Amino acid sequence: MVSLLRNQKVRNTLLQVLYVGSIAALVLAGIVIARRNLAEQGITSGFNFLFKSTGWDVNFSLLPATANDPYWWYFLIGIINTLFLGSVGLMLATIVGTIVGLARTSSNDLARLLGRTYVDIFRNIPLILQVFFWYAIITHLPTPRGAHEAWGFLLTSRGLYIPFPNVSNAAFAAATLAVVAAIVLPTWLGRTSRLSQPIGQRRAIQFTAAAAALVCAAISLAVGRLPDLPLLDFPALQGLNLRGGLRIPPEFATLAIAIAIYGGSYIAEIVRGGFKSVGKGQVEAALSLGLSPWRVFTLVRLPLALRAMLPILANQYVWLMKATTMGIAVGFTDFFMIVALTINHSGQTLEAIGILMAGFLAINLSLAAVFNRINKAIALKGNQLRG
Amino acid sequence: MISGNSTEPGGPALRIENLDKYYGTFHALRRVNLAVERGERIVVCGPSGSGKSTMIRCINRLEQHNGGRIAVLGTELNDDVGNIDEIRREVGMVFQHFNLFPHMTVLENCMLSPMIVRKQPRAQAEATARRYLEKVRIPEQAMKYPGQLSGGQQQRVAIARALCMQPQIMLFDEPTSALDPEMVSEVLDVMVTLASEGMTMICVTHEMGFARRVADRVIFMDSGEIVEEAPPETFFTTPRNERTRQFLSQVLDH
Ligand SMILES: Nc1ncnc2c1ncn2[C@@H]1O[C@H](COP(=O)(O)OP(=O)(O)OP(=O)(O)O)[C@@H](O)[C@H]1O
Ligand SMILES: [Mg+2]
């Protein structure tokens, strides 16, 4: 018995069992106590409320929504809104961060100063203040009649109006997917056929895949086109109101901008760190081989910097995803706000919070898993010598 | 004296005149003069900080000189980007820390520049790369990544990578000083072979055995100046300069 306890593996297993066991016991006790308390207050616990209709409206939804819809449908709407806001926000933040980060590593003094000022300002102001700031600016834009216009885009206090194709929703979704495929497919094909095919053939395959995807996009737009209307619908003033185009509500625009600007300041630092981590030696070797500065950037600095950035970037993305919960500050019905409204209207606090936590856990774990896979796939092989 | 804008075959490989280099206010090279003929093998030595790396890095513009002139294969090295490109195509360089591209296989490391800079078709670039990997005696490592090789193997890949551009001049900056002792000879052997084939070489190294065997001239630098310049026999037996004697007594004692 004593000898068994001295065995390292046995010890580790035993500790694990104790650890998991005590956590499970705590959770269980919590649930039992909560149920008893709720029952005393006359609140029935359980998930039956999910199938009752909500009786209230959401102000933003990518799916059809009415007050008659049940709670589970609303949760789904919330998750999709969060994912949508999150992906738009992360994409914009990445673009901003890349530009600012590159400015910070540039050899131009002015660019460096601007980049640094940007990071110092936006990283040090709490996100919630920035959200309020952008919301104030957007809601103080002119009314539709005095809208600012540029290239068919209209800026008003009622939202941002952008030209939009006159196609059915399904066709638009299909076309969007096809465009995403046109970007993702060539990259993926490029990696899998890296060594097995000559470079020319690889290019041809990549090109064909991208072209095919774009043709699919064009076909879905052509098929789903609404009859007797121009393909692109420009927003325009009709009477007192704006008609046509796509309206991006002020709440969504506020949050997307805030996440882009705030997240961009953090991502800029990651980008800068990534490029700084690239060994001077590799760059010099590339230059000495006669490669142009642009080739050195695309073939050596960028790929190496990306590898250094990716793990930290993944953390940042997970963290920014959680920043979508700022929706409640301006009244955007993201997942968090839907949960908050649910608690107000149904009183099912514990269940709703449980769903909230599970939802965010699922979103962020999947995000982390995707990044882990990419990371593994592109990790440098062997031991790295820092020169 | 320095003229012409093309890498004509006849002239000297390298001509450095009154070269000055400053790092801020620090005077790293002081009026250095050096001429290297085609096929000549030069070994550069000297104490740490004497400006050896700075000098050979000026030759392919990894450092920008502040005064004097450099002409490589008849092409004047100045702010003209075309000239810089032309010179870098013809001058290969091997670094102390190998500086291979860790995200590419050995083969890709060797094929990259020939394909992009020399615009060689892939098949030709691959054939050349395999030939040079054979020559540095690691053909079987072609599909591995640099991080999976020993230091000596990595340095031989670096030599092969530079050779794949079929340069006319090779620069070596202490190619063996980051290596474990047992790997030094495998790299030196490759360099000796290269020298025997008539490659123009400028090697910064403290391997005095190598200098004795292959150098046409040994150059000793101190405090940014070329202090002594002599064929190896004279250099090692009857150095004229006091600082050279001191240096030699230090490196040869070990
Ligand atoms: N980028 C730089 N900035 C400032 N000073 C530098 C820089 N590079 C080199 N120096 C200085 O210039 C002098 C010559 O440096 P260099 O690297 O050419 O010496 P070296 O002879 O190659 O020495 P070692 O044998 O240690 O490699 C040294 O005093 C060094 O401190
Ligand atoms: Mg040096």
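Quantities reported herein were computed from a predicted structural model and do not represent experimental measurements. Note on naming: letters A, B, ... go to the chains in the order of the sequence lines (proteins, then strands), and numbering restarts at 1 for each one.
- Between chain A and the residues B/Ile87, B/Val81, B/Leu100, B/Val91, the largest count of heavy-atom pairs under 4.5 Å involves B/Leu100.
- With contacts defined as side-chain heavy-atom distances shorter than 4.5 Å, the pair B/Ile116/A/Leu299 qualifies.
- Taking CG of B/Leu149 as the start and NZ of A/Lys381 as the end, the distance is 13.5 Å to the nearest 0.5 Å.
- Looking at every heavy atom in both residues, A/Leu289 comes nearest to B/Ala162 through CD2-CA, 4.3 Å.
- Other residues, nucleotides and ligands contribute more than 12 heavy atoms inside 6.0 Å of the CZ atom of B/Arg131.
- For the pair B/Asp85 and A/Ser292, the minimum side-chain heavy-atom distance is 4.5 Å or more.
- Residues A/Glu284 and B/Arg57 are in side-chain contact: their nearest non-hydrogen atoms beyond the backbone lie under 4.5 Å apart.
- With a 4.5 Å cut-off on non-hydrogen atoms, B/Leu107 does not touch chain A at all.
- For A/Ala379, no part lies near chain B; criterion is any non-hydrogen pair under 4.5 Å.
- Annotation: A/Phe207, atom CZ; neighbour count of heavy atoms from other residues, nucleotides and ligands within 6.0 Å does not exceed 12.
- Within 6.0 Å of the CD atom in A/Gln8, the count of heavy atoms belonging to other residues, nucleotides or ligands does not exceed 12.
- Scanning all heavy atoms of the two residues, the minimum distance from A/Ala285 to B/Phe95 falls at CA-CE1, 3.6 Å.
- Few gaps surround CZ on B/Arg137; more than 12 heavy atoms of other groups in view lie less than 6.0 Å from it.
- Going from atom CE of B/Met165 over to atom OG of A/Ser288 covers 9.5 Å, rounded to the nearest 0.5 Å.
- At distances below 3.5 Å, not a single donor-acceptor pair connects side-chain atoms of B/His103 with backbone N or O atoms of A/Arg307.
- Side-chain contact between A/Gln384 and B/Pro146: absent, with no pair of heavy atoms (C-beta onward) separated by less than 4.5 Å.
- Distance check, rounded to the nearest 0.5 Å: CZ of B/Arg88 to CG of A/Leu291 gives 10.0 Å.
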